[in-house]
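On a predicted model such as this, the values are computed, not experimentally measured, just so you know.
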Amino acid sequence: MKLITNYTYWILNFIGWISFSFFMLTINKISGVEEGNVNRLNYLFMECILCGVLGFILSYLMLFFIENHFKIGEFSKRDFMKLIGIFLITQVIYNLLLWPMLNVPVAYYLRYDMELTLFEKLTNVPHFATYFLVWLFVVFSIKIFHHINTIKLREAKLQTSLKESQLNTLKGQINPHFMFNSLNNIRGLMLEDVDKARQMLTSLSETLRYSLTKDNVTSIALEDELDMIYNYVEISKIQFEDRLHFETNIAEESLTTQIPPMIIQMLIENAIKHGISNLKNGGKVTLITKIENHILYIEVMNSGRIVLHQNGTKLGLKNIKRRLELVYGSRASFSLEEVENEVVATIKIPLA
């Protein structure tokens with residue numbers, strides 16, 4: 001939520017500064033004014049307006065910093081120190097400008113020059129600093145409220161997206177196509193190797209169980225996803241036999257990191273379905289995970305070239321991008337590129 005471009009905020013902000021100055025500074029002084037002393041009353045109202053307007057103008061400086069360099073939920077200790085620095089600079093500017101400005105109504109209405117010592121001016125600094133602290137409290141309250149609502153909305157969209165993604169996975173991969181081919185291949189395998197066929201049935205049931213049990217979760221450990229991947233690849237090898245070679249290079253520190261469920265499976269499925277299956281002699285699929293600079297890298301490489309099918313790869317890639325955006329916002333990314341006769345799909349997920 002950008003307050004700096006919100007007209008309603010600026011109107012309420014102006015009213016707030018003037019009102020706060022009146023109740024904090026002017027109202028007590030009015031009660032001590034002698035009856036009929038109009039000039040004194042006029043001065044007090046001008047003092048209220050000048051203090052409020054100057055605070056209103058300088059609040060723009062602080063708001064500009066908050067809007068552009070201070071993100072709720074992502075700020076660092078360095079950002080917090082910068083905010084304190086901006087606050088102190090604002091206080092210096094406020095107090096340097098305020099007293100010369102107040103001299104004008106003092107001379108006009110009260111007919112004398114206001115000569116305050118440095119110590120007297122410094123004693124007023126905490127009073128005026130309170131104005132800005134109250135303003136900061138209000139602004140951050142608005143920002144935090146909006147941030148919480150944004151998170152709630154994102155989680156609601158994520159839940160909907162996960163359910164849709166799960167349905168698409170079951171419909172497009174496991175139920176009609178993958179299930180049919182797997183069961184058909186297992187049936188043929190039973191005539192050759194009963195033990196192997198029994199093992200493949202177990203892998204298939206584990207794959208289906210994983211898909212169903214992860215329907216209501218938003219994240220899982222990477223090592224749990226790997227168990228499902230190994231089952232998926234073993235089942236696929238029944239069809240592709242020696243045409244499919246699968247390798248992994250998994251960084252041990254990445255095993256406990258949290259990722260969206262089925263995200264790697266979708267990459268492996270695309271690599272096999274749109275890569276290996278189109279090669280007469282087959283090819284290799286490689287899964288790599290690593291952590292660098294607090295970012296989890298997930299790379300799936302397969303032999304072949306990028307071939308986008310209208311209802312195939314495009315749908316899968318769009319699904320991956322959408323889920324990453326809902327979970328991590330703009331901090332995560334997905335890319336697909338062709339490098340030296342290999343298709344490389346890369347997901348980057350921030351860890352902090």
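- Side-chain contact check for Leu153 versus Asn149: every heavy-atom pair is 4.5 Å or farther apart.
- Partners of Thr117 by side chain to side chain contact (heavy atoms under 4.5 Å, CB included), not counting sequence neighbours, listed by chain and number: Phe119, Glu120.
- Within the 4.5 Å cutoff, no side-chain heavy atoms of Trp99 are placed close to those of Val106.
- With hydrogens and angles disregarded, a donor-acceptor distance shorter than 3.5 Å links the side chain of Ser205 to the backbone of Thr202.
- Considering only heavy atoms from C-beta on, Glu299 comes within 4.5 Å of Lys290 through its side chain.
- Considering only residues two or more places apart in sequence or on other chains, His147 meets the side chain to side chain contact (heavy atoms under 4.5 Å, CB included) condition with Ile72, Ile151.
- Using a 4.5 Å cut-off on side-chain heavy atoms (C-beta onward), Ser333 and Leu324 make no contact.
- Residues Gln265 and Ile229 form a side-chain contact, since some pair of their non-hydrogen atoms from C-beta on lies under 4.5 Å apart.
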Donor-acceptor contacts, no H, no angles, side chain residues 45-68, under 3.5 Å, sequence neighbours left out:
unit_1, atom_1, unit_2, atom_2, d
Glu47, OE1, Lys29, NZ, 3.2
Glu47, OE2, Lys29, NZ, 3.3
Glu47, OE2, Tyr43, OH, 3.2
Ser59, OG, Asn13, ND2, 3.3
Ser59, OG, Phe56, O, 2.5
Glu67, OE1, Leu3, N, 3.0
Glu67, OE1, Ile4, N, 3.1
Glu67, OE2, Lys143, NZ, 2.0
Asn68, ND2, Phe64, O, 2.7

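- Looking at Val233 and Asn231, their side chains never come closer than 4.5 Å, going by heavy atoms from C-beta outward.
- Between Val285 and Ile272 there is a side-chain heavy-atom pair separated by less than 4.5 Å.
- Taking the six-membered ring where tryptophan is involved, the planes of Tyr230 and Phe246 are perpendicular, since the angle between them exceeds 60° and thus also 30°.
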